[in-house]
Trainee: 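Next up is a structure, given as structure tokens.
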Amino acid sequence: MESRCENCIIRQFNALRAASTEELKKVSDSKVTKKVKRGEALFEEGEKLNGVFCVRDGVSKLSKLSANGKNQIVRLASKGEVMGQRSVIVEEPTNLSAIAVSDMEVCYIPKESIVNTLHKNPDFTFEALRLMSHDLKEADDVIVNMSQKTVKQRVAEAFLYLKSNFGVDNGGFLLVRLSREDIANVVGTATESAIRIISEFKKLGYIKTSGKKISIINERKLQDLVQGF
């Protein structure tokens with residue numbers, strides 16, 4: 001029963017909160033729940049999607065391949081977020097790839113269920129547009145950060161973002177564990193530069209590490225760095 005859309009609390013985080021009970025039942029009858037292992041792709045850039053992915057658990061990175069062959073991570077999608085809806089709505093190949101950065105559980109909802117609800121329910125359409133507008137704002141923020149902030153500021157901001165949005169474990173380490181390469185791809189720098197900055201932050205006492213795990217020790221110092229103090 002918990003996997004039924006009409007009984008799922010996760011829909012409160014996406015446009016499905018505006019769907020009627022009957023619409024939710026139809027979506028639930030058509031969807032498929034999938035397990036995705038860390039490192040597996042949900043979809044690849046340039047792929048034509050025939051449905052969307054609603055995240056029930058876990059985190060995915062959404063990235064775009066640049067002309068020089070380097071991936072730029074645009075954002076992270078977590079519980080409740082829907083991936084692929086822009087591609088489905090405008091009927092274009094997706095411009096991003098989605099790779100699981102942790103083990104995930106997702107609901108795959110066929111295109112027909114989403115399009116039919118868009119045509120029949122203006123409240124659902126408005127919510128979908130509102131959430132896509134939010135994604136566009138985040139993309140704008142990424143562009144501004146890349147052009148106006150130093151690499152150190154972007155790394156510090158990335159750590160603060162991970163803590164604020166995903167939290168920490170019982171040991172105080174960031175719950176979302178990105179590889180050093182992923183951190184570099186988030187902030188738009190070489191992996192070697194990201195490793196060097198992480199080492200510097202560690203020496204300054206801003207963070208501590210244990211293998212791939214990172215814990216923020218002095219959040220105020222990182223915030224001051226982001227603000228340019």
Side-chain angles (χ1 to χ4, degrees), residues 13-14 45 55 58-83 86 95-102 129-229:
F13 298 105
N14 57 55
E45 184 177 345
V55 182
V59 179
S60 170
K61 60 182 179 183
L62 292 160
S63 62
K64 185 168 183 62
L65 193 65
S66 65
N68 63 6
K70 188 170 181 62
N71 271 308
Q72 172 66 49
I73 296 178
V74 177
R75 67 185 179 92
L76 299 174
S78 58
K79 185 179 291 185
E81 294 191 61
V82 176
M83 299 181 292
R86 190 205 66 84
N95 65 327
L96 301 173
S97 295
I99 310 293
V101 296
S102 66
L129 287 171
R130 190 178 68 80
L131 291 169
M132 283 192 288
S133 296
H134 174 74
D135 291 344
L136 283 172
K137 179 182 179 298
E138 284 197 342
D140 289 343
D141 290 342
V142 169
I143 293 171
V144 171
N145 284 345
M146 295 285 283
S147 62
Q148 296 185 357
K149 292 183 178 178
T150 67
V151 177
K152 285 184 182 179
Q153 286 177 310
R154 300 201 299 267
V155 173
E157 190 169 47
F159 291 157
L160 293 171
Y161 171 86
L162 291 173
K163 182 177 181 180
S164 173
N165 287 270
F166 302 103
V168 297
D169 61 19
N170 291 334
F173 292 97
L174 299 174
L175 273 177
V176 173
R177 292 169 189 168
L178 299 178
S179 68
R180 300 304 190 253
E181 182 180 4
D182 280 342
I183 292 171
N185 291 341
V186 166
V187 303
T189 191
T191 303
E192 294 76 12
S193 295
I195 292 172
R196 185 167 58 251
I197 291 168
I198 290 170
S199 178
E200 182 179 338
F201 285 178
K202 187 176 178 181
K203 289 177 182 177
L204 290 169
Y206 297 172
I207 64 172
K208 70 175 181 180
T209 63
S210 177
K212 292 183 178 180
K213 298 189 293 183
I214 294 173
S215 174
I216 295 176
I217 302 301
N218 196 327
E219 189 168 340
R220 180 60 182 272
K221 286 292 187 181
L222 292 180
Q223 290 172 339
D224 286 347
L225 177 58
V226 171
Q227 296 300 320
F229 298 142

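Throughout, numbering of the chain's residues begins at 1 and tracks the sequence.
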Trainee: Considering non-hydrogen atoms only, spot the tightest contact between Gly205 and Ile217 and give its length.
Mentor: O-CB, 3.5 Å

Trainee: For Ile207 versus Ile216, what's the shortest heavy-atom pair and its separation?
Mentor: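 The pair with the smallest heavy-atom distance is CG2-CA, 4.3 Å.
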
Trainee: Given 3.5 Å as the limit, does a donor-acceptor pair link the side chain of Asn14 with the main chain of Glu81, or not?
Mentor: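 No; zero donor-acceptor contacts below 3.5 Å.
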
Trainee: Pick one: which of Val74, Leu178, Thr191, Asn71 meets side-chain contact (heavy atoms from CB on, under 4.5 Å) with Asn185?
Mentor: Asn71

Trainee: Donor-acceptor pair, distance only, cut-off 3.5 Å: does the side chain of Thr150 make one with the backbone of Gln153?
Mentor: yes

Trainee: Taking Leu129's backbone N and O only, do any of them form a donor-acceptor pair with Ser133's side chain (distance below 3.5 Å, no angle check)?
Mentor: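 Checked: pair present.
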
Trainee: Is the count of non-hydrogen atoms from other residues, nucleotides or ligands lying under 6.0 Å from Phe13 atom CZ greater than 12?
Mentor: no

Trainee: Within a reach of under 6.0 Å around NZ of Lys152, are more than 12 heavy atoms found that belong to other residues, nucleotides or ligands?
Mentor: no

Trainee: What's the separation between atom CZ in Arg220 and atom CG in Leu225, rounded to the nearest 0.5 Å?
Mentor: 13.0 Å

Trainee: Rounded to the nearest 0.5 Å, how far does CD of Gln72 lie from NZ of Lys61?
Mentor: 11.5 Å

Trainee: Is there a side-chain contact between Ile197 and Ile183 (heavy atoms, below 4.5 Å)?
Mentor: no

Trainee: In chain order, what residues pass the side-chain hydrogen bond (donor to acceptor under 3.5 Å, both in side chains) check against Glu45, with sequence neighbours excluded?
Mentor: Lys64

Trainee: Classify the angle between the aromatic ring planes of Tyr161 and Phe166 as parallel (below 30°), tilted (30 to 60°) or perpendicular (above 60°).
Mentor: perpendicular

Trainee: First locate atom OG1 of Thr189, then atom CD1 of Ile195, and finally report the distance between them rounded to the nearest 0.5 Å.
Mentor: 10.5 Å

Trainee: Report yes or no: does Arg180 contribute a side-chain atom to a donor-acceptor pair with the main-chain N or O of Ala194 at less than 3.5 Å?
Mentor: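 Not at all, since once roles are kept as given, no pair shorter than 3.5 Å links the two residues.
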
Trainee: Whether Asp169 and Arg177 form a salt bridge (side-chain N of Lys/Arg under 4.0 Å from carboxylate O of Asp/Glu) is what I want to check.
Mentor: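 Counted as a salt bridge, because a side-chain N and a carboxylate O are separated by less than 4.0 Å.
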
Trainee: Among Val155, Asn165, Leu222, which residue meets the side-chain contact (heavy atoms from CB on, under 4.5 Å) test with Leu160?
Mentor: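 Among Val155, Asn165, Leu222, the one meeting side-chain contact (heavy atoms from CB on, under 4.5 Å) with Leu160 is Leu222.
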
Trainee: Looking only at atom types and distance, does a side-chain atom of Ser60 sit under 3.5 Å from a main-chain N or O of Ala77, one as donor and one as acceptor?
Mentor: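 Checking the backbone N and O of Ala77 against the side chain of Ser60, no donor-acceptor pair under 3.5 Å is found.
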
Trainee: At what distance, to the nearest 0.5 angstrom, does CG of Leu76 lie from CG of Leu62?
Mentor: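 Answer for the CG-CG pair, Leu76 versus Leu62, is 8.0 Å.
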
Trainee: Which heavy atom of Ile73 sits nearest a heavy atom of Ser63, and at what distance?
Mentor: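 Looking at all heavy atoms of both residues, the shortest contact is CA-CB, 3.9 Å.
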
Trainee: Passes side-chain contact (heavy atoms from CB on, under 4.5 Å), Phe159 versus Tyr206? Steps please.
Mentor: CA-CA 11 Å; Phe159 291 157; Tyr206 297 172; over 6 Å; no

Trainee: Rounded to the nearest 0.5 Å, what's the gap from CG on Asn95 to CG on Leu65? Could you check?
Mentor: 12.0 Å

Trainee: To the nearest 0.5 angstrom, please state how far the OG1 atom of Thr209 sits from the CG atom of Leu174.
Mentor: 11.5 Å

